[in-house]
Amino acid sequence: MNCNHHPDDSTLLSYGACSLPDALAIVVACHLAVCDHCHGKVADAELIGHGLMEQEPMEPMSKKARDSMLALLDKSVDEVYSETQKIPHDQADGDIPEPLRPISGQWFSDLHWRTMAPGMKQFILPASRGKLRLLKIAPGTFMPSHGHSGSELTLVLKGSYSDELGRFSVGDVADVDPDITHQPVADTHEGCICLIATDGPLRFKGLVPRLLQPFFQL
Ligand SMILES: [Zn+2]
């Protein structure tokens with residue numbers, strides 16, 4: 001899949017080092033399942049990380065282990081990754097991305113969506129660090145303008161939306177810094193489903209969204 005918007009390199013590095021809060025890590029995992037570009041970057045980062053950790057003196061390798069390691073080195077990182085790590089995105093089993101299914105189930109239509117505002121529904125997913133939610137936005141709906149007190153990662157799973165940062169379609173990730181305020185609008189031809197992870201509360205500009213905030217765990 002050709003994605004136009006990717007997570008920042010710092011986000012990918014943190015993911016490779018297993019230091020992202022799990023809510024954010026799940027969004028990155030869903031993007032990596034469809035983006036070869038970022039997959040390669042994370043694979044490189046992980047190899048460097050493993051190299052740094054393996055500076056300790058090692059026991060001599062068995063012949064079998066050495067042969068399999070040499071075979072592995074003959075392949076490019078991308079090849080190894082596509083064989084061992086890449087998660088198939090099998091639409092026949094459901095329309096929810098594979099990495100999410102253990103906590104969400106298979107189909108968007110089976111989720112108990114909760115209405116937040118006209119044209120906006122959410123489904124909250126479990127996460128031990130950070131907040132993770134699916135958001136379903138009707139065509140042409142404006143989301144409340146908001147800033148952030150932490151990181152926000154948004155992955156488009158269906159449809160598209162636009163905001164001050166550009167247009168985001170299926171597979172695209174918006175990696176939003178705390179200093180950015182934005183107002184996403186779902187594109188008019190079809191609605192939009194996004195997976196959104198935050199590691200700090202949102203900061204709404206308007207009074208009404210601020211009053212509703214505690215009720216929707218935003
Ligand atoms: Zn990417």
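The analysis underlying the following values was restricted to heavy atoms, covering all of them including side chains, and did not include hydrogens, waters or symmetry mates. Start at 1 and go down the list; that is how both ligands and their atoms are numbered.
Relative orientation of the Phe168 and Tyr161 rings is parallel, given thresholds of 30° and 60° on the angle between their planes.
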Hey, mind stepping through His31 and Leu153 against side-chain contact (heavy atoms from CB on, under 4.5 Å) and telling me if it holds?
-> CA-CA 11 Å; His31 176 71; Leu153 277 181; over 6 Å; no
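Between the side chain of Thr141 and the main chain of Ile137, no donor-acceptor pair closer than 3.5 Å is present.
Restricting His6 to its N/O/S atoms, the shortest distance to the Zn ion (ligand 1) is reached by ND1.
Legend: salt bridge (Lys or Arg N to Asp or Glu O under 4.0 Å) pairs involving residues 166-175, not counting sequence neighbours, sorted by first then second residue: Arg167-Asp187.
Taking the Zn ion (ligand 1) as the apex, the angle formed with NE2 of His31 and SG of Cys38 is 110°, to the nearest 10 degrees.
Checking His37 against the Zn ion (ligand 1), every N/O/S atom stays at or beyond the 2.8 Å cut-off.
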